[in-house]
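Here is the structure we will look at.
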Amino acid sequence: MTTGPGAPSSSDLGPQDGLVAQWWATGVSRIEPGIIELRGHPVQDLIGRTSFVEVIWLLLRGRLPEPGQARLLEAALVAGVDHGPQAPSIAAARMAATCGIGLNSAVATGVNMLGDVHGGAGQQCVELLTEIAEQGATEIAEQGEAEAEFEETVERIVRAWRARSRYLPGFGHRFHPHDPRRDPLLALVDRAVSDGLVRGAHLRAARAVERYLNQGRTGKKPVPMNIDGATAVIYAELGFAAPLARGLFVLSRSVGILAHAWEETGQGRRNKSPMPPSMIPVHLADQADGS
């Protein structure tokens, strides 16, 4: 309900006014004439004093983060910002930008490519690591779990996940034999554990999964922790719900999508296809079985 000078009094409001106000009730922001508050903080107090990453935390969590929490979140967002046209979301946005639909629609095209297979692995990895961390914590409480027992827990849970899909979220990369984003992100989490900022249970789980996946693979292509796995560690350690791992990745990758779409608009192409015009797709013979 609007308050303040010039606002209607309660006697001026009909029965439907209160119903509409409740319909859109929100704790995220308070917007009234002359008032803009974000989670109770006047926006004029945030402008120039609070970083964009801190405001993201504020809106999602309801309070401002500690400096160390903001640094970890920012690192994860920076790491996921772009992966070039090899990423379907980037390629789609660049093609869309040549079709006359406007920059906002080109960005939306790329963002809408971020689903369970491309972009959703971070959420799934948080779920995997949380299952391992919680199961490990339960077994420690019940029987004083040693490292060997923890490794058995990891193996059992990974096997269960792989029984549903041969792709394990957060591990393996079709492009990088070793994801260059992994080490700096995990180093930051190590430091946060040492500083008492986070517990480290999800970090322990992620490293245990990576060890298990690479057992007996000497001389073979490794199965590295990828960006989804490393950022999942950060999001989980910071206490973000699994679905927010996907949302935060989308927020991060949107910057790269925007940059690529904008670059493409300046290159003068129209109706850019997935391949140069000189390339002709292979024609598949009719494989109908006649039924």
Side-chain angles (χ1 to χ4, degrees), residues 76 79-80 82-92 109-139 149-183 185-186 189 201-254 256-257 274:
D82 186 24
H83 200 256
Q86 294 92 350
S89 55
I90 300 293
T109 298
V111 167
N112 284 335
M113 298 286 285
L114 299 173
D116 288 343
V117 175
H118 173 42
Q123 174 181 348
Q124 298 155 11
C125 190
V126 169
E127 294 166 352
L128 168 66
L129 301 181
T130 299
E131 183 177 351
I132 293 171
E134 290 179 350
Q135 185 64 44
T138 299
E139 293 180 358
E149 283 73 24
F150 179 72
E151 298 289 343
E152 291 175 2
T153 298
V154 170
E155 179 177 357
R156 172 170 47 80
I157 292 175
V158 169
R159 284 181 177 274
W161 275 69
R162 281 186 141 180
R164 299 191 292 269
S165 171
R166 69 188 183 95
Y167 297 104
L168 196 68
F171 298 88
H173 204 289
R174 61 186 175 84
F175 196 78
H176 301 294
H178 182 86
D179 195 316
R181 299 162 290 189
R182 173 200 180 278
D183 293 350
L185 290 176
L186 296 193
V189 181
H202 294 85
L203 175 62
R204 180 193 183 203
R207 283 183 165 142
V209 171
E210 189 174 47
R211 284 195 303 272
Y212 171 73
L213 293 176
N214 286 283
Q215 289 176 359
R217 296 190 64 85
T218 303
K220 298 180 181 178
K221 182 180 178 180
V223 183
M225 188 185 311
N226 57 37
I227 183 62
D228 299 306
T231 54
V233 169
I234 289 180
Y235 296 141
E237 291 287 354
L238 289 175
F240 285 98
L244 283 176
R246 182 185 306 219
L248 289 165
F249 175 77
V250 170
L251 183 63
S252 167
R253 183 54 59 87
S254 295
I257 291 172

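Given the structure is predicted, the values throughout are model-derived calculations rather than measurements. All values below were derived from every heavy atom in this structure, side-chain atoms included, with hydrogens, water molecules and symmetry-related copies excluded.
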**Request:** Look only at the side chain of E210 and the backbone of M225, and say whether a donor-acceptor pair between them is shorter than 3.5 Å.
**Result:** yes
**Asked** Can you name the nearest heavy-atom pair linking W161 to E131, along with the distance?
**Response** NE1-OE1, 2.9 Å
**Message:** Within the 4.5 Å heavy-atom criterion, are M113 and I257 side-chain neighbours or not?
**Reply:** no
**Request:** Calculate, to the nearest 0.5 Å, the distance between atoms CD1 and NE2 belonging to I90 and H83 respectively.
**Result:** 10.0 Å
**Request:** Start with the C-alpha distance between R182 and V233, add both sets of side-chain angles, then the distance that settles side-chain contact (heavy atoms from CB on, under 4.5 Å), and finish with yes or no.
**Result:** CA-CA 10 Å; R182 173 200 180 278; V233 169; over 6 Å; no
**Asked** Do you know the tightest heavy-atom contact between A230 and L185?
**Response** CB-CD1, 3.7 Å
**Prompt:** So, does S252 use its side chain to make a donor-acceptor pair with the main chain of L248 at under 3.5 Å?
**Reply:** no
**Message:** To check you understand the geometry: which heavy-atom pair defines the closest contact between R181 and D82, and what is its length?
**Reply:** NH1-O, 4.1 Å
**Message:** Would you say CZ of R164 has more than 12 non-hydrogen atoms from neighbouring residues, nucleotides or ligands within 6.0 angstrom?
**Reply:** yes
**Asked** Is it true that E152 and R156 make a salt bridge, defined as a side-chain N closer than 4.0 Å to a carboxylate O?
**Response** no
**Fill in**
So CG of D228 and OH of Y235: to nearest 0.5 Å the spacing works out to 9.5 Å
**Complete:** Smallest heavy-atom separation, R207 atom then L186 atom, equals NH2-CB, 3.9 Å
**Request:** Determine the sole option in T231, L114, L244 for which the side-chain contact (heavy atoms from CB on, under 4.5 Å) test with F249 is passed.
**Result:** L114
**Request:** For the pair E237 (side chain) and L203 (backbone), establish whether a donor and an acceptor sit closer than 3.5 Å, ignoring hydrogens and angles.
**Result:** yes
**Asked** Does A242 offer a backbone N or O that forms a donor-acceptor pair with the side chain of E127 under 3.5 Å?
**Response** no
**Prompt:** Do L238 and H202 come within less than 4.5 Å of each other through their side chains, counting heavy atoms only?
**Reply:** no
**Complete:** What one should report as the nearest heavy-atom pair of V223 and G172 is CG1-N, 3.7 Å
**Prompt:** Do I234 and F240 have side-chain heavy atoms sitting under 4.5 Å apart?
**Reply:** no
**Request:** Supply the atom-to-atom distance I132 CD1 to R204 CZ, rounded to the nearest 0.5 angstrom.
**Result:** 10.5 Å
**Check: F171 and L128 side chains under 4.5 Å, non-hydrogen atoms** = yes
**Message:** For the backbone of S89 and the side chain of H118, can you confirm whether one donor and one acceptor N or O come within less than 3.5 Å of each other?
**Reply:** yes
**Fill in**
Here the gap from I157 atom CD1 to E134 atom CD, rounded to the nearest 0.5 Å, amounts to 9.5 Å
**Flag side-chain contact, heavy atom, 4.5 Å: E155 against R159** = yes
**Request:** Mind listing the closest non-hydrogen atom pair of A92 and T109 along with its distance?
**Result:** O-CG2, 3.9 Å
